[in-house]
Each structure stands twice: as C-alpha cells, then as structure tokens.
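All values below were derived from every heavy atom in this structure, side-chain atoms included, with hydrogens, water molecules and symmetry-related copies excluded. Since this is a predicted model, take the numbers as computed values, not measurements.
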Amino acid sequence: MAILSPLRSRSAAISVAAIAGTVAAGVCFAVSGASAGTVSGSLYRDPSSAVVRWVAANPGDSRAAVIRDKIASQPQARWFANFNPSTVQAEVSEHIGAANAAQQIPVLAVYEITNRDCGGASAGGAPDLNQYQTWVSNFARGLGNQTVLIILETDSLALLTCLNSSELAARNQAISTATRTIKSANPNAKVYLDAGHSTWNSAGETANRLRAAGVQYADGFFSNVSNYNSTSNEANFGRAVISSLNGMGLSGKRQVIDTSRNGGASGDWCGDDNTDRRIGQYPTTNTGDANIDAYLWVKPPGEADGCRYTAGSFQPDLAFSLANGAPNPPTTAPPTTTPPTTTPPVTTPPVTPPNSSPPTGDGCYADVAINQWAGGFTASVTVTAGKSDISGWTVTVVLPSGTAVTGTWNAQASGTSGTVQFRNVSYNGRVLGRQSTNFGFQGTGTGPGTTATCVTA
C-alpha cells in the first residue's frame with residue numbers, strides 16, 4: 001500500500017495501492033445522453049477498498065453501521081501512486097475488469113508525476129519524466145476500452161512553486177503527453193487535469209495553467225481534491241474557469257468536483273484533528289449541471305491527511321466523524337447491462353441472471369451472472385453464506401469445452417479450463433450469515449452456467 005503524506009498548503013493527495021492481476025475489459029457503459037455533462041452510469045464501488053475491509057473485519061464495532069451505510073457503500077477513487085512500471089498494467093487491468101463485470105464506471109486517480117508535491121510531505125513519483133512516460137504507457141495499456149474517469153496528477157498544476165521555467169515546461173509537456181497516451185489507449189477514457197480549488201489560484205490563472213498543460217486533449221478538469229470548499233463555490237469557480245477556457249478557444253471542457261468531505265465547515269485543510277467535517281454530496285454522474293460531469297469521492301473518506309495519523313491510513317474515528325449525522329445515501333436502482341459500442345461486437349450481449357433463492361441451510365452458495373459476447377465473456381460470482389458465518393470459501397465452476405479463464409479478480413484461481421476452483425483472498429473470506437461477497441473472472445469462449453458449487457474452508 002502506498003502511504004502518502006498530503007500537501008501542506010491547500011490540497012492533498014492520499015492514495016491506496018491497487019491489487020495485482022490481469023484482465024481485459026468487456027462490458028460497455030453509456031457515455032452521452034446524460035442528465036448533465038458527458039458521462040452517465042453508475043460509479044464503481046470497489047469491494048476491496050480499505051473502508052470495506054475495515055467494516056468486514058469489525059462488525060461488532062459501535063461505529064461500523066454508520067461507516068458501512070454512509071461510506072463503505074459508496075464508490076470512491078482508486079489511487080495509483082506507486083512507481084511500479086512492471087506491474088501497473090496488471091493492477092489497472094484487474095481493477096478495470098472488476099468494474100466492468102459490475103457494469104459500473106471506475107474512477108482512477110493517477111499520482112505519479114516527477115517531483116510530486118515539490119518534494120514536500122507527499123514527495124515521490126517517477127524518478128524522472130522519461131520514466132514517468134514509461135509508467136503512464138504501461139498504466140494506459142490496462143485501461144481496456146470502456147468508460148473510465150481519470151483524475152490526472154492532483155496538485156501538479158496548482159502547485160508550481162518549486163519549478164523553474166524549464167522544469168515547468170517539461171512538466172506541462174509530460175502531462176499533455178500523458179493525457180494523449182491515455183486517450184489513445186482508451187478513447188472512452190475521460191481525463192481531467194488539476195485545477196486546484198476555488199480558494200487557491202484564480203480562475204484565469206488556472207485556465208492558463210490548464211491550457212499550458214494540454215487541456216485541449218483532455219475532457220476537462222477536477223477541483224477540491226482532499227479539500228472542504230462547498231460544492232456551490234467549486235461549481236462557480238468551475239464556471240469561471242470554463243469561461244476563461246472558452247475565451248481561449250478551448251470550448252467543451254467540463255468539471256468534476258471532489259465532494260468527499262465538503263458537507264461541513266471549511267477552514268484548516270487538515271482533517272485529522274477536525275470534528276466539524278462531514279461527507280458531502282454522494283458520488284454520482286447525475287449532477288443536474290451541464291458543466292459538471294460528476295461529483296466524486298476522490299479522497300477516500302476516513303483516510304488520514306498525516307497531521308495526527310499516518311497519511312493514507314484508514315482511521316475509523318475519522319470516518320465516523322465524517323459520516324455521523326450526515327444524511328443517508330439515496331436509494332438507486334441496480335445498474336443495467338448496455339450493449340457494447342466498440343470491440344467486442346456491437347450486438348447486445350446475452351445476459352444470464354444469477355439465481356436469487358435465499359440460502360436456507362449452512363455452508364455457502366454461489367450464483368453466476370454471465371455477460372457473453374462473440375468469443376468471450378465476463379462472469380460475476382456472488383458468494384452467499386448460509387445461516388451461519390463462514391471464514392473462507394472455495395467455488396468450483398465447470399467450464400464448457402474450449403473455454404479458458406484469462407483473468408480473475410477478488411479470488412485466486414486454480415486452473416484455467418475444465419473444472420476451475422476459485423478461493424477467497426485475505427479480505428473477503430469471512431462472510432456473515434446470509435451476507436454476500438463477490439468475485440469475477442473473464443474468459444474466452446462460452447461462459448459457464450448460472451450455478452456453481454461452493455464449500456466453506
């Protein structure tokens with residue numbers, strides 16, 4: 001896990017590392033016709049996030065219900081901040097594959113620029129910009145071809161005090177190249193550049209910096225990451241930035257806003273010691289504002305800033321403070337399957353629903369939902385405990401002749417064809433009675449049936 005200290009001035013970028021694995025994308029989401037902005041669809045809730053793991057491990061904690069219902073239930077960004085050029089493609093592929101199988105849109109925060117945080121508390125990133133481009137190229141190869149939201153390099157444009165003119169020009173070129181690399185690898189990727197926030201640089205200055213860094217190649221900009229400015233203030237700031245960009249001939253750019261902890265008071269940026277913070281607008285692409293593509297939780301609520309606790313560590317008292325007293329999240333309908341618009345072919349894939357009968361005995365049960373297209377499929381498997389809690393599970397799936405597993409997420413696979421066993425990983429083996437966890441896999445050929453055999457450890 002990457003543990004990063006936040007910027008000591010006005011913004012912060014705390015990350016968690018991605019889990020490893022390899023899988024390609026296979027499900028498509030709608031990207032147009034949204035109620036606002038250019039993105040529509042449900043955002044991805046990562047079942048392996050730090051807050052989800054904490055809730056699963058601490059069911060008896062008095063804070064668990066509030067944290068579960070108001071934070072762990074919500075989609076949050078996955079941060080990529082380790083300089084790991086040899087493994088980042090696999091890590092991205094795993095995350096993208098799981099999101100696609102869930103028919104949801106993932107949010108990825110890239111935090112790897114050279115001289116990150118001007119060598120301050122969040123120092124790190126790629127050793128030099130050549131190696132940065134290598135890392136970005138490998139990152140981009142894992143993005144598949146479906147909708148993904150990319151938060152590219154928090155603080156990279158708002159904080160420039162440590163760069164001389166040649167270093168600034170090199171950074172701008174690096175961000176511009178990174179944007180084009182990502183868009184070339186996945187034309188459905190939505191890339192947003194750093195705009196700081198409404199109480200940092202002026203809208204005009206922010207627009208100048210965005211233009212210098214190649215916002216013409218991006219979809220827009222993000223603001224308020226890890227900060228507390230109100231959504232209305234950020235939206236007003238965003239409109240002013242867009243107006244300035246329009247005046248430069250750069251029209252059509254949109255904003256995303258981090259609302260992960262802007263539902264309470266503002267003031268000192270560090271949230272570790274503040275009890276007057278609250279989670280803000282729940283994450284959604286349905287913003288009702290044509291200038292705003294999404295309200296996102298880029299900064300995972302409950303992860304520390306580094307003032308009182310280790311930066312990036314999940315702290316339940318911080319999460320509880322943010323969530324306690326906040327309104328409950330809205331009730332939303334489950335995502336629906338939409339037909340592919342790029343490879344795989346442009347025909348509606350047959351969707352095989354899982355069984356829905358509740359478990360009546362002990363042990364565990366497994367239901368399989370298949371998204372099939374010509375030549376391949378993804379499978380989303382729901383593992384449900386019986387009347388009693390379980391501490392581990394193994395699911396056995398019989399694959400049709402000629403079918404092979406090419407990637408797995410949230411489980412460990414034994415074998416790739418014929419009879420394949422999938423075992424829990426460390427964070428999802430324990431399942432409470434009549435509760436569920438999920439894993440998935442992708443393969444070539446025809447997907448299996450809707451049932452599988454589940455046994456407890």
Next item on the list: Give a yes or no answer on whether the side chain of Lys183 reaches the backbone of Ala218 with a donor-acceptor pair at less than 3.5 Å.
Entry: no
Checklist line | From Gln173 atom CD to Leu129 atom CG, the distance as rounded to the nearest 0.5 Å | finding: 10.0 Å
Note to self: Within the structure provided, determine whether Phe237 and Thr206 are in side-chain contact (heavy-atom separation under 4.5 Å).
What the structure shows: yes
Margin query: Looking at Ser223 and His197, would you say the former's side chain and the latter's main chain have a donor-acceptor pair under 3.5 Å?
Written below: no
Notebook entry, point to check: Hey, what do you get for OG1 (Thr38) to CD1 (Ile292), rounding to the nearest 0.5 Å?
Noted result: 12.0 Å
Next item on the list: For this output row, return yes or no: ring centroids of Phe80 and Phe139 closer than 6.0 angstrom.
Entry: yes
Margin query: Is it true that Arg141 and Thr181 share a donor-acceptor pair across their side chains at a distance under 3.5 Å?
Written below: no
Notebook entry, point to check: Checking Asn186 side chain against Leu143 main chain: does a donor-acceptor pair fall under 3.5 Å?
Noted result: yes
Item checked: Side-chain (Trp54) to main-chain (Ala64) donor-acceptor, under 3.5 angstrom -> no
Notebook entry, point to check: Would you call Asp289 and Arg239 a salt bridge, using N to O less than 4.0 angstrom?
Noted result: yes
Notebook entry, point to check: If every non-hydrogen atom of Val52 is compared with every non-hydrogen atom of Pro47, which pair is closest and at what distance?
Noted result: CG1-O, 3.2 Å
Item checked: Single hit among Asn82, Ile113, Val110 for side chain to side chain contact (heavy atoms under 4.5 Å, CB included) with Trp135 -> Val110
Notebook entry, point to check: Just by modelled atom types, is the Asn324 backbone N or O under 3.5 Å from a matching donor or acceptor in the Arg278 side chain?
Noted result: yes
Item checked: Nearest-0.5 Å distance that lies between atom CH2 in Trp297 and atom OG in Ser49 -> 11.0 Å
Check: When Phe221 is tested against each of Leu245, Ile151, Val191, Asp194 for side chain to side chain contact (heavy atoms under 4.5 Å, CB included), which residue passes?
Finding: Leu245
Notebook entry, point to check: Between Asp155 and Arg116, is there a side-chain N and carboxylate O pair less than 4.0 Å apart?
Noted result: no
Notebook entry, point to check: With the threshold set at 4.0 Å, does a side-chain nitrogen-carboxylate oxygen contact exist between Lys299 and Asp258?
Noted result: no
Margin query: As an exercise, state the distance from CD of Gln133 to CG of Asn138, rounded to the nearest 0.5 Å.
Written below: 11.5 Å
Notebook entry, point to check: Where is the tightest heavy-atom contact between Ala212 and Asn172, given as atom of each residue plus distance?
Noted result: O-CB, 3.3 Å
Margin query: Once rounded to the nearest 0.5 Å, what's the spacing between atom OG1 of Thr179 and atom CG of Leu193?
Written below: 4.5 Å
Checklist line | Phe422 ring center within less than 6.0 Å of Phe441 ring center | finding: yes
Item checked: Short N-O contact, Arg209 and Glu205, less than 4.0 angstrom -> yes
Margin query: Donor-acceptor check, side chain of Lys70 to backbone of Gln74, threshold 3.5 angstrom: yes or no?
Written below: no
Check: From Asn224 CG over to Asn229 CG, what is the distance, rounded to the nearest 0.5 angstrom?
Finding: 5.0 Å
Notebook entry, point to check: Looking only at atom types and distance, does a side-chain atom of Asn188 sit under 3.5 Å from a main-chain N or O of Asn145, one as donor and one as acceptor?
Noted result: yes
Note to self: Counting C-beta onward and ignoring hydrogens, is there a side-chain heavy-atom pair between Thr154 and Trp79 closer than 4.5 Å?
What the structure shows: yes
Check: Can you check whether Asp317's main-chain N or O pairs, donor with acceptor, with Ser321's side chain at less than 3.5 Å?
Finding: no
